[in-house]
Student: 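What follows is a single structure, and I will ask about it in a moment.
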Amino acid sequence: MNTPVVIIGAGSAGLAVAAALQERNVDCIVLEQGDRVAASWRQRHEDLRLNTIRWLSDLPGLRIPRAAGRWVSRDDYIAYLERYADRNALDVRCTVRVEHVMPTADGWQVVTTAGTYDAANVIVATGGDRIPRLPGLPGLAAFRKPVMHVSRLRRAADLAGRRVLLIGSGNSAVEIAGHLVDHQVAQLWMSVRRTPNILPRQLWGVPLHPVTVALRHLPERLRDGLARSISRRAFGDLRPYGLPAPKDGPFRRMRTSGVTAAVDQGFVGHLTAGRLRIVADVDHLTANEAVLRDGVRVEPDVLLVATGYRSGLEELLGHLDILDQNGRPRTGKSQPAMEGLWFTGFWPAIEGTLRQHGPEARRIAAAIARNPR
Ligand SMILES: Cc1cc2nc3c(=O)[nH]c(=O)nc-3n(C[C@H](O)[C@H](O)[C@H](O)COP(=O)(O)OP(=O)(O)OC[C@H]3O[C@@H](n4cnc5c(N)ncnc54)[C@H](O)[C@@H]3O)c2cc1C
């Protein structure tokens with residue numbers, strides 16, 4: 001099967017680049033392993049809302065309807081991506097999993113579960129959050145209680161009445177902690193190794209996401225200082241509740257370790273009201289307990305881990321020596337990693353990953369249209 005451009009993945013990044021190519025009259029197909037577009041969002045839990053504001057989270061050419069509100073729900077965002085694919089009449093081929101990608105004399109061979117495609121250009125849009133990362137906890141194999149990555153939790157309500165030990169302090173951990181208390185877990189311990197940078201979603205009714213976008217060209221130190229003072233103003237001193245001030249600011253942390261700031265959706269209120277407890281790092285697990293670094297022992301019914309994700313690109317492209325030590329493309333944004341091989345959606349940002357899809361898509365589409373090969 002021959003086609004000018006194969007896009008791998010029908011999430012927001014893949015759909016945006018398909019629409020941008022179509023606008024420039026470049027034929028493309030999108031291969032998607034799921035049975036519908038937006039497969040990643042369908043697997044995320046039902047309480048999830050975007051923490052980036054609606055009007056800075058949409059893709060070029062189609063607004064998310066006002067009726068979806070300021071903070072769009074998971075289901076409304078899925079419906080939006082479905083509409084985006086339909087409105088642009090994108091050629092999305094579902095239940096086709098790409099297994100690997102090989103260079104050929106004049107382009108690329110894309111080997112899938114439904115046959116092989118030859119393409120001049122391949123755009124990888126498989127998402128940076130594809131594979132849940134599990135911590136290597138001593139004693140994990142002997143632990144008899146359920147252990148679940150947060151990405152596998154469909155409804156926070158499923159843990160109502162349970163004692164939960166949540167490991168992690170990134171955005172996912174902070175977000176799910178709020179929902180777990182809302183849904184009345186019996187007890188929530190949150191094991192924190194590194195204090196998260198927590199930002200309010202809005203302050204005095206003013207949403208902060210557009211502010212981070214407006215200030216994105218300021219020096220990092222200034223933006224970190226500003227973020228710190230906003231957090232202090234919004235939440236006060238959280239040391240009495242087990243959270244010392246973070247050692248670095250959110251923008252520096254994002255740049256140096258790829259960890260995005262956590263957005264408060266009720267977490268801090270629950271923490272200061274004593275509805276969840278911050279505890280030390282887990283030292284090891286026994287059959288029924290977690291023994292913490294400070295010697296305290298807790299006995300949860302469920303161990304929930306929110307320790308991040310990896311891209312899983314090694315399986316697709318590991319043989320090409322184009323990935324860094326974290327498994328992400330070494331190439332710069334919107335630059336080909338090799339001739340005719342592009343990536344989109346792999347550069348997360350506090351100003352919003354979704355809002356970056358449009359500019360990345362336009363740049364890649366323009367480069368391919370200029371030099372179709
Ligand atoms: C819980 C959570 C909440 C987030 N909330 C926000 C937010 O509010 N605002 C924001 O800006 N960003 C947010 N992000 C970050 C980011 O914007 C999202 O992860 C977004 O879904 C990324 O889009 P994507 O298209 O790059 O990847 P995905 O949405 O993951 O899409 C990738 C697609 O590729 C398919 N695929 C993967 N491998 C293959 C293969 N081998 N063959 C065929 N198909 C394949 C997958 O099935 C999937 O459909 C969030 C991330 C997470 C994890």
Side-chain angles (χ1 to χ4, degrees), residues 1-44 50 54-68 72-98 101 107-127 334 336 340-346 352-373:
M1 291 172 269
N2 239 312
T3 176
V5 183
V6 165
I7 299 165
I8 311 175
S12 44
L15 297 178
V17 77
L21 283 163
Q22 214 156 270
E23 203 178 289
R24 289 174 178 270
N25 300 315
V26 178
D27 287 339
C28 62
I29 58 170
V30 186
L31 304 181
E32 167 55 50
Q33 65 184 7
D35 59 359
R36 285 170 294 172
V37 304
S40 299
W41 285 96
R42 292 176 201 281
Q43 287 169 10
R44 293 174 182 163
L50 296 189
R54 170 177 42 84
W55 58 87
L56 291 172
S57 302
D58 50 17
L59 304 179
L62 185 66
R63 306 305 317 211
I64 301 175
R66 276 180 84 89
V72 179
S73 70
R74 183 200 79 139
D75 289 350
D76 283 343
Y77 193 65
I78 293 170
Y80 168 74
L81 291 183
E82 283 173 344
R83 213 167 36 254
Y84 194 82
D86 283 350
R87 281 281 182 90
N88 289 295
L90 302 178
D91 185 351
V92 181
R93 316 228 174 141
C94 289
T95 61
V96 179
R97 181 180 158 74
V98 175
V101 177
W108 292 91
Q109 195 169 65
V110 181
V111 179
T112 80
T113 47
T116 298
Y117 292 80
D118 289 305
N121 287 277
V122 171
I123 305 174
V124 182
T126 48
S334 316
L341 181 64
W342 309 80
F343 291 87
T344 180
F346 291 93
T353 307
L354 297 176
R355 78 170 263 291
Q356 301 196 132
H357 292 335
E360 280 181 32
R362 282 196 202 99
R363 284 194 293 267
I364 294 173
I368 291 178
R370 266 197 311 274
N371 177 21
R373 307 209 310 155

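All residue numbers in this chain count up from 1 along the given sequence.
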Student: Using the side chain to side chain donor-acceptor pair (under 3.5 Å) definition, which of the options Glu360, Arg363, Gln356, His357 pairs with Thr344?
Tutor: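 Testing each of Glu360, Arg363, Gln356, His357 against Thr344, the sole residue satisfying side chain to side chain donor-acceptor pair (under 3.5 Å) is Glu360.
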Student: For Glu23, look at atom CD and say whether over 12 heavy atoms of other residues, nucleotides or ligands are found less than 6.0 Å away.
Tutor: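 No.
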Student: For the CG atom of Leu354 and the CG atom of Asp58, what is their distance to the nearest 0.5 Å?
Tutor: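 The CG atom of Leu354 sits 9.5 Å away from the CG atom of Asp58.
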Student: Once you round to the nearest 0.5 Å, how far does CG of Leu56 lie from CZ of Arg355?
Tutor: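 Leu56 CG to Arg355 CZ: 6.5 Å, rounded to 0.5 Å.
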Student: Quick one: OG on Ser73 to OH on Tyr80, what's the gap to the nearest 0.5 Å?
Tutor: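 The OH atom of Tyr80 is 14.0 Å from OG of Ser73, to the nearest 0.5 Å.
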Student: When rounded to the nearest 0.5 angstrom, what is the spacing between CG in Leu15 and CG in Asn88?
Tutor: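 Leu15 CG to Asn88 CG: 8.5 Å, rounded to 0.5 Å.
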Student: If you compare all heavy atoms of Gly11 against all heavy atoms of Glu32, which two are closest, and at what distance to 0.1 Å?
Tutor: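 That would be N-OE1, 4.4 Å.
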Student: Apply side-chain contact (heavy atoms from CB on, under 4.5 Å) to Tyr77 and Arg44, showing your working.
Tutor: CA-CA 12 Å; Tyr77 193 65; Arg44 293 174 182 163; over 6 Å; no
Student: Which heavy atom of Gly9 sits nearest a heavy atom of Val30, and at what distance?
Tutor: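 Residues Gly9 and Val30, closest heavy atoms: O-CG1, 3.5 Å.
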Student: Salt bridge between Arg87 and Glu82, side-chain N to carboxylate O under 4.0 Å?
Tutor: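 Answer for the salt bridge query: no.
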Student: By side-chain hydrogen bond (donor to acceptor under 3.5 Å, both in side chains), which residues pair with Thr112, not counting sequence neighbours?
Tutor: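 Residues passing side-chain hydrogen bond (donor to acceptor under 3.5 Å, both in side chains) with Thr112: none at all.
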Student: Could you go step by step and tell me if Ser57 and Val72 meet the side-chain contact (heavy atoms from CB on, under 4.5 Å) rule?
Tutor: CA-CA 9 Å; Ser57 302; Val72 179; 6.0 Å; no
Student: Please examine the side chains of Val98 and Val111, heavy atoms only from C-beta on, and report whether any two atoms are closer than 4.5 Å.
Tutor: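 A side-chain contact is absent here, since even the closest heavy-atom pair is not under 4.5 Å.
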Student: Exactly one of Val92, Val96, Thr113 should register a side chain to side chain contact (heavy atoms under 4.5 Å, CB included) with Leu31. Which one does?
Tutor: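 The side chain to side chain contact (heavy atoms under 4.5 Å, CB included) with Leu31 is passed solely by Val96 among Val92, Val96, Thr113.
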Student: Is Arg63 close to Trp55 at the side-chain level, that is, under 4.5 Å between some pair of heavy atoms?
Tutor: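 When only atoms from C-beta onward are counted, Arg63 and Trp55 do touch, with a gap below 4.5 Å.
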Student: To the nearest 0.5 Å, what is the distance between OG1 (Thr95) and CZ (Arg36)?
Tutor: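 Atom-to-atom, Thr95:OG1 and Arg36:CZ are 12.0 Å apart.
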Student: Which heavy atom of Ala20 sits nearest to which heavy atom of Ala361, and what is that distance?
Tutor: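 Closest pair (atom of Ala20, atom of Ala361, distance): CB-O, 3.7 Å.
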Student: Can you see which heavy atom on Ala13 is nearest to which on Gly345, and at what distance?
Tutor: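 Closest approach of Ala13 to Gly345, heavy atoms only: CB-CA, 4.1 Å.
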Student: Are Val122 and Val5 side-chain neighbours, meaning at least one heavy-atom pair lies under 4.5 Å?
Tutor: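 A side-chain contact under 4.5 Å is absent here.
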Student: If you take all heavy atoms of Cys28 and Asp91, which pair is closest and at what distance?
Tutor: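 Heavy-atom minimum between the residues: O-CB, 3.9 Å.
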Student: Quick test of your reading of the model: are Arg74 and Asp76 salt-bridged, counting only N-O distances below 4.0 Å?
Tutor: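 So Arg74 does not pair with Asp76 through a salt bridge.
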Student: Out of curiosity, Asp35 CG to Cys94 SG, how far, rounded to the nearest 0.5 Å?
Tutor: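 Asp35 CG to Cys94 SG: 7.0 Å, rounded to 0.5 Å.
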Student: Is it true that Trp108 and Asn121 share a donor-acceptor pair across their side chains at a distance under 3.5 Å?
Tutor: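 There is no such pair between these side chains.
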Student: Quick one: does Leu90's side chain get under 4.5 Å of Ile29's, heavy atoms only?
Tutor: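 No, their side chains stay 4.5 Å or more apart.
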Student: Would you call Ile7 and Leu21 a side-chain contact if the rule is heavy atoms closer than 4.5 Å?
Tutor: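 Sidechains of Leu21 and Ile7: in contact.
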Student: Is there side-chain contact between Tyr84 and Val37, with heavy atoms separated by less than 4.5 Å?
Tutor: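 No, their side chains stay 4.5 Å or more apart.
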Student: Is the shortest heavy-atom distance from the side chain of Val124 to the side chain of Trp342 under 4.5 Å?
Tutor: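 Of all side-chain heavy-atom pairs linking Trp342 with Val124, none is under 4.5 Å.
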Student: Quick one: does Ile364's side chain get under 4.5 Å of Ile368's, heavy atoms only?
Tutor: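 Heavy-atom side-chain distance check passes, below 4.5 Å.
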